[in-house]
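Protein chains get the first letters and strands the later ones, always in sequence-line order, with residue 1 at the start of each. What you see is a predicted model, and the numbers here were worked out from it, not measured in a lab.
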Protein chains: 2
Amino acid sequence: MKALHLEKIHPGLSIDCVVFGLHGDTLKVLILKLKKIDKWALPGGFVAATEAVDTEAARMLKDRTGLDHLFLQQFHLFGAVDRNKVSDIRNFVDQQIISAAEGEVLAQRFVTISYYAVVDYAKVQAPTPDYSSEFCEWCPLKELPSLIHDHREIIAKAYQVLKRDLNYQPIGYNLLPDKFTMPELQAVYETILEKKIDRRNFRRKMLSFDILIATDEVRTGGSHKAPILYKFDEQKYQAAMVGGLVSLW
Amino acid sequence: MKALHLEKIHPGLSIDCVVFGLHGDTLKVLILKLKKIDKWALPGGFVAATEAVDTEAARMLKDRTGLDHLFLQQFHLFGAVDRNKVSDIRNFVDQQIISAAEGEVLAQRFVTISYYAVVDYAKVQAPTPDYSSEFCEWCPLKELPSLIHDHREIIAKAYQVLKRDLNYQPIGYNLLPDKFTMPELQAVYETILEKKIDRRNFRRKMLSFDILIATDEVRTGGSHKAPILYKFDEQKYQAAMVGGLVSLW
DNA sequence: TCTTTATTGTGTCAATATGACGCAATTATA
DNA sequence: TATAATTGCGTCATATTGACACAATAAAGA
């Protein structure tokens, strides 16, 4: 959480990424263990003076996960005055957990623009910590440890927005493999929404959105009927991202 | 668009507000005519170092419109590198439209966090220009003049998000009077969506959301049957703001 | 090879929701 | 007192949804 090249950094602004990982039927969040402080943080960083904010968010995600071309959704700017909890930082300095200089940096006011992404846990070999962190961990959403600043609030908001977005946006592109089965897609929804959906009704509704193309292949391996592999109709998928899947009025 | 007290301002960050006004059946946007430059701008400003970003957005809206307690929706951070179009600014300086010092300020990189609000045009007596602008105007969404920076893009995005939000959020609170009729509420939707809705089906759906309470009063004055006055069930309205009106899954 | 098990694709059906519209009631005005 | 305008309430055919039945089939075990 320290600026590397302050002179080249857009001032007062940070980026935080909430990276959701689907691990079986559990939704996890990528967090980083800080080096000196006994707390965790979201992957994030600062914006180079010469780069667009969206570009920088994508770069950070790539640096941590190795993943590229992900769907990164900007969802909120957190701009409370004491969102970095200056009294906590003073305590860290008093207890000599961090140096006075480090405390000075951390006590500066930053507003943070937050992005979320949903990634395939299996595609991320080993998340890479940044200069300020020791190691990374995928943590179940329900078992978050003590987080620095307002990062717990950021994660809560990200999860709320993600669930809301499922009501009008498709999901799965660059998250599932190019070809995937209906049960695999359903698992994405069930994991995020923490809710069982009737598989026959799920199929019917999903197909009605007209964003899937059935291939002539199936996924073998299970000791049961081999499910059909689908792919996204990229055109219609993108159209649905903009125009929404359903409209009330 | 110039900082008043740079030393007390959070650096590199501005706020822009897209204030939609319902004027009969037309959706208008509040814009400010700049003093020296022959362009228009969104109401906005900078964030005091001692204030939350949301608070500052509300303050700006109150300064311009006199309106308080509005629903202000933060919707996007615009963070492109050249969103202030530095080449345009250099031209203004070259043509001596603005001073070199003013050009210097305008050419600095700022990211802007944008909010939208929908207000009752009739409640705003006379919008007040700020120090950088000559006068304000409610401009129909379809007839926007030349705007500074990326403000046209900001308005387009605001309108897109507003229409999207109507699909899962209620609208009308602090926009309509405390008591309002069903046709008045419907007009809000029709004006924003630019779409006629069957009044009988609108009523049925709106009532099904269970956020309205019928009073025992009616609105007289028209030469026709007096419509019933409704008010919002504030509890359920707020719940719908968080949880959404409908859910796909 | 022949079951068995697990899970998929397809389809049914009652209940509910939606879109399009009819009609009597009622308010101010002519 | 009639007229015009617009509202509240209701109908009906059609579409959508939720709950569930059943045959098909891929792999594993007997």
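- For B/Asn201, counting side-chain heavy atoms from C-beta on, the closest listed nucleotide (C/dT26, C/dC21, C/dT8) is C/dC21.
- Going from atom NZ of B/Lys225 over to atom P of C/dC23 covers 16 Å, rounded to whole Å.
- Of the candidate nucleotides D/dT6, C/dT18, D/dA26, D/dA26 has the atom nearest to the side chain of A/Thr220.
- Straight-line distance from the CG atom of B/Leu185 to the C1' atom of D/dT7: 15 Å, rounded to whole Å.
- Residue B/Met182 contributes atom CE, which lies 19 Å from atom P of C/dT26 at whole-angstrom precision.
- Regarding A/Leu229, its CG atom lies at a distance of 13 Å from the P atom of D/dA26, rounded to whole Å.
- For A/Leu207 and C/dT10, the CG to C1' distance is 12 Å, given to the nearest whole Å.
- Judged by atom type and distance alone, A/Arg200 reaches the base of D/dA21 through a side-chain donor-acceptor pair under 3.5 Å.
- Remark: the backbone N or O of A/Gly66 is not paired with any side-chain donor or acceptor of A/Asp63 at under 3.5 angstrom.
- Distance alone, capped at 3.5 Å, is enough to place a donor-acceptor pair between the A/His151 side chain and the A/Leu42 backbone.
- Where B/Ile228 and B/Ser223 each meet DNA chain D at their nearest nucleotide, the meeting point lying more 5' is that of B/Ser223.
- The pair B/Asp210-B/Lys236 counts as a salt bridge, with a side-chain nitrogen and a carboxylate oxygen less than 4.0 angstrom apart.
- Under 3.5 Å, the side chain of A/Arg204 and the base of D/dG18 form at least one donor-acceptor pair of N or O atoms.
- Between A/Trp249 atom CH2 and C/dA20 atom P there is a gap of 14 Å when expressed in whole angstrom units.
- At whole-Å resolution of the value, CD in A/Glu217 and P in C/dT8 are 18 Å apart.
- Remark: side-chain polar atoms of B/Glu184 are paired, donor with acceptor, to backbone N or O of B/Thr181 under 3.5 angstrom.
- For B/Pro227, the listed nucleotide lying nearest its side chain is D/dT7; candidates were C/dG19, D/dT7, C/dA28.
- Nearest to the side-chain atoms of A/His224 among the listed nucleotides C/dT18, D/dT7, C/dA6 stands C/dA6.
- B/Asp198 places its CG atom 13 Å from the C1' atom of D/dT11, with the value rounded to the nearest Å.
- A/Glu190 and A/Lys195 are not joined by a salt bridge, as no carboxylate oxygen comes within less than 4.0 angstrom of a charged side-chain nitrogen.
- Two residues, A/Tyr230 and B/Ser208, neighbour DNA chain C, and the one matched to the more 5' nucleotide by heavy-atom proximity is A/Tyr230.
- Of the listed nucleotides (D/dT7, D/dA19, C/dT27), D/dT7 has the atom at the smallest distance from the side chain of B/Arg199.
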